[in-house]
J.: 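Got a structure for you, questions after.
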Amino acid sequence: MRYDAAIIGAGAEGLAAAALLAGAGARTIVVERSERAGGRATTREFHPGFRASPFADELPPIPADIYWALDLARRGAIFRPAPVSPAARRFLRDVERRAADIRARAVAGIDSAPDHSFFSRPAVPAPWPGEDWMALSLADVLAREPPDIAAHLATAALSGSVADPYLAGSALHLLTLPRSGFVTGGLASLANALVGAAHEAGADISLGHDVTDIRHAKGRVSGIGLADGSEIEARAVISTLDLKRTFLSFFQWNALPKEIVHAVGTFRMAGAAARVLFALDTMLPDAARDRIHVSSDLEQLAAANTVWRTGMIAPRLPVTLRIVSAADAGLAPLGQSVVTATLGAVPFRLFDGAWTREKREVLRMQALAALETAMPGAGAHVIAAEVIAPPDIEEALGATDGDLMGGALAADQMLSAGPWPDVPFPRCPLKGLYLAGSWLAMSGTCVAGAAAARTVAADIASGTLK
Amino acid sequence: MSAIVVGGGVNGLVAATYLARAGRKVVLLEAKDALGGACATTTFATGFKGPTIAHALTALDPRVVAELKLARRGLKFAVRDMPTVALRADGKHLVIGRDVRATARGVAAHSRADAEAWPRFRRELFDLARAMRPFWWDEPKRGWNLPPTIATLRRQNLAAWLDSRFESDAVKAAVACDASGLSPLVPGSPLLLVWRGCQEMCGLQSAAAIPLGGPGALVDALTAAAKVASVELRTGAHVADILVKDGAATGVVLESGEEIVAKRVLASLSHSQLLATKAGRSALGIGESTALERSVPAVASAKVLLALNAAPNFGGSPSRGRFLLADKIETFVTAHAASRAGCMPEELALEVVVPTAADPALAPMGQHVVSIRIAPLPRHLAGGWDAAKAPLAAKAIAALERCAPGLARHVTAAQVLTPDDIAKRYGEEDEVTVERVMSDWPSRILTPIKGLFLCGAASEPVGAVSGRAGRIAAAHALREAAK
């Protein structure tokens, strides 16, 4: 059977795209390597009785129209707003407005629809909402905030990533601040809801199948090949993986035009996140529901960035702690708690070799030290800990360099300034291939998937896809 | 008096001469006893002369040389077309000259792909430079728009830009040296390279040149030109303040109390120096003043002069060259990060010139002068620069020793000018920013005070010995006078 669309990866983007496309009447299949759908939206038991979402506690917001179109509330994806400290609220409103603008553009495809009309083509590309931030540093943008708020916001913006907050362009990291808050029952509930929506719309979901290549000839994509030798024919292929993974692992390089390989090869990744999950045999103070940033100091963030670039582990990594069981009691047994630590500035490639057990132990000790700093005495109650280093993230999610953002946040790699300015996302120079990695609209979940679904549907309707 | 020029540096002399040649009565006031500012030749040890700050002219405006007939006033070049030599610790020095093909052959020793990419890169750079030249060299005509390629470049950082063109560290680091004013991670940093490309394109001085007799010879020629144009030159005249009445400059008052009246005042001050004057403070709004106060540069440079009793041996490379020492782009990234934090960078990036190789008269027979510029360095070092003077020189010599073994043994004398010393002598510089590089002439030269123009090197997109700011400021002043 020939599908209208084959989607690689059953993460939030892939599932949203599948649900929307199938809902629009297209024959759709989602192929996922792992046995479980969800991608980074997973929750698992890391110690008997203790559960946590290993890769992220929260995701960027899902735009309301997508949320309701997929009927996610009825399917059990209930968000609890992330608590925000009142002092930072005013500033965050501006950030949220810009992020929402970017989300809206990505959904509406303003930033993605090619404009072939001669007269309406603007001479200068319209500025996007982050345009003025691309030349500013975090320190510049936050200069007017009180020092403690500025440090808090900078650390929050760089949580699980890395940048020199004094360097021009680092202000773009603020766009990652908006969070949806927790999904009751962990992020897996969101994945389940999306799977439900996709199934109900009539999409096929094929789990445990490894995609080995994207079939193409004469610049046009015709389907995907699987590890078991079978092939799925499709008019359109949507890849939810990042740019590098999509082009460098699903294609023979010499079969692609040189310019594509060059553009993809020089696309910069900035994997810097590691996570440590702690199980504690005690209840922790309920007041600390917000994220706790240990080491909130711009100088230290700058120093960590320098060390990160050399492939070393800084002596004091920036750590963000979250007592996830305080917001969602169901994640830990009664009277006990789960704490996640998100470490930033952790290099994917260490200068002295592989990520050995000892190196992971360094991460655990640093997270533990941060926990002890934030909540003295809590360290003694830790009964289990799991370390997730950058290579683990790459292994589990296929994210190149363990970069959950899908690329270094920089003015020359974002939105309209992607590798192919003439062929805006979600399209790419190969006909029939669409990109829907979460990185394309890093300030929203399901946004890139929805944009790809909309574009594919439009291209099918207009007869561009044979 | 119809115009006063404050500051007798290269740009001050150029501005005064252009005004005088247009028939104005001009007085030039220099606080120190000698003209020339940062462009000077100094005797730093008995028998050894060396360039105080600027050691190779890379940006001298050929129109200034031609229009002021500097050749006739005695300006001769000891060497005009110095190749750039990136010194490598492994001895595979990279010689970058004007001959693209010869350079590409040298690049091939580091990478074949880069050798192929080199001519393409030069073409691209010069295309960009050609597009930007009207903007940087003249006052662009009305309706002139920034080329779209430049708008894209503003978003890109130098590290990424070079990464997508070259693969070998040697080539990338050598190219990045010319844009070391900004961290290679700052969006827009490739523009500094384009600016350099503009300078290189002009046929006269090309890559780098040294006047016969050191940079002081350029000042001598300019002084001669000024005298011929009958500029009144007054040294030792320290200007205390600029006189302003009803928002317009009316003259200056000297520290001696003497007042000089003129309708137009051209000052070779940086914006931060202008702010330090009473007139500047009252003329600028609070917002502008605080913004300027905050923009004190975090990054600066230092200058080291060495006297050697033997010729330095850079392992087979020509001794007439501009030698660059920087391993890789990361050297600049970390040096900028360290400088901003006020720490001494672990690895220094050096630009080295041996003036005596081209002009043996600067040192006793058989002996040599090595001139080293170290940048980036912290403007303010934790613990102060005074204590770090000797360690800085030692560090620079040690770095040189790696590429010129045996050099340290021959050092007989040294002079170190730390960023502190340089700021004390020549005033605080303005920070290099992408906005400054991309600002137009009027915004850099005009001030809120009518009749007061800035004409110093700080009014150039990138500070350098070029004379262009003086030339354009004079043109502005003349045009205003004609109204």
Side-chain angles (χ1 to χ4, degrees), chain A residues 122-125 127-128 130-131 133-137 139-140 143-144 162-172 259 261-270 297-312 351 407-419 421, chain B residues 113 117 120 145-167 182-191 290-291 294-295 298-299 328-343 345-347 382 431-438:
Chain A
V124 185
W128 48 279
E131 192 89 53
W133 279 358
M134 82 183 191
L136 291 175
S137 71
D140 290 337
R144 288 190 189 178
V162 69
D164 184 338
Y166 293 99
L167 211 62
S170 57
L172 290 174
E259 304 77 60
V261 177
H262 187 254
V264 171
T266 53
F267 194 80
R268 311 189 297 284
M269 307 302 286
D297 176 339
L298 263 61
E299 295 289 341
Q300 199 202 322
L301 291 170
N305 174 65
T306 308
V307 178
W308 171 80
R309 294 186 64 85
T310 62
M312 291 193 273
F351 82 104
L409 281 185
D412 58 335
Q413 318 209 99
M414 288 177 69
L415 295 171
S416 48
Chain B
R120 227 179 11 241
N145 280 323
L146 269 187
T149 41
I150 295 292
T152 327
L153 216 56
R154 269 184 103 148
R155 298 176 158 214
Q156 283 177 324
N157 69 52
L158 185 67
W161 200 61
L162 291 178
D163 277 345
S164 69
R165 280 154 184 79
F166 298 115
E167 58 177 30
L182 281 169
S183 165
L185 295 185
V186 168
S189 40
L191 289 166
T290 43
R294 231 188 285 135
S295 79
V299 177
K328 40 189 185 298
I329 287 210
E330 208 58 30
T331 308
F332 295 102
V333 173
T334 46
H336 268 281
S339 298
R340 201 210 34 76
C343 306
E346 262 176 50
E347 269 179 71
E431 201 177 4
V432 178
T433 60
V434 177
E435 290 85 70
R436 176 175 159 196
V437 175
M438 292 308 293

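In the text below, chain A, chain B and the rest are named by the order of the sequence lines, each starting its count at 1. Just so it is clear, the values below take in all heavy atoms, side chains as well, and ignore hydrogens, waters and symmetry mates. These numbers come from a predicted model, not from an experiment.
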J.: I need the residue from A:R268, A:R309, A:H262 with the largest number of non-hydrogen atom pairs under 4.5 Å to chain B.
T.: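 Among the listed options, the one with the most contacts to chain B is A:R309.
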J.: Heavy-atom distance under 4.5 Å to chain A: side chain of B:S183, backbone, both or neither?
T.: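 For B:S183, side-chain heavy atoms alone lie under 4.5 Å from chain A.
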J.: If I compare all heavy atoms of B:A160 with all of A:D412, which pair ends up nearest, and what's the gap?
T.: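 That would be CB-OD2, 4.3 Å.
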J.: Counting only heavy atoms from other residues, nucleotides and ligands, does the tally under 6.0 Å from CD of B:E346 exceed 12?
T.: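 Counting other residues, nucleotides and ligands, CD of B:E346 stays at 12 neighbours or fewer.
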J.: Are the side chains of B:R155 and A:M134 in contact, using a 4.5 Å heavy-atom criterion?
T.: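 Counting from C-beta outward, A:M134 and B:R155 do come under 4.5 Å.
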J.: Between A:S137 and A:S170, which heavy-atom pair has the shortest distance, and what is it?
T.: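 Shortest heavy-atom contact: CA-OG, 3.4 Å.
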J.: Please list, chain by chain and in numerical order, all residues satisfying side-chain contact (heavy atoms from CB on, under 4.5 Å) with B:T331, sequence neighbours excluded.
T.: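 Counting only residues at least two positions away or on another chain, B:T331 forms a side-chain contact (heavy atoms from CB on, under 4.5 Å) with B:D327, B:K328, B:E347.
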J.: Quick check on A:A302 against chain B: is it the side chain, the backbone, both or neither that has a heavy atom closer than 4.5 Å?
T.: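 Answer is side chain: those atoms of A:A302 sit under 4.5 Å from chain B.
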J.: For the interface with chain A, which of B:T433, B:V434, B:L185 has the highest count of heavy-atom pairs at distances below 4.5 Å?
T.: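 Highest number of pairs under 4.5 Å: B:L185.
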J.: Determine the option with the most heavy-atom pairs under 4.5 angstrom with chain B, choosing from A:L167, A:T306, A:D164, A:T310.
T.: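 So the answer, after comparing A:L167, A:T306, A:D164, A:T310, is A:L167.
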J.: At a 4.5 Å cut-off on heavy atoms, which part of B:E330 comes close to chain A: side chain, backbone, both, or neither?
T.: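 The side chain, not the backbone.
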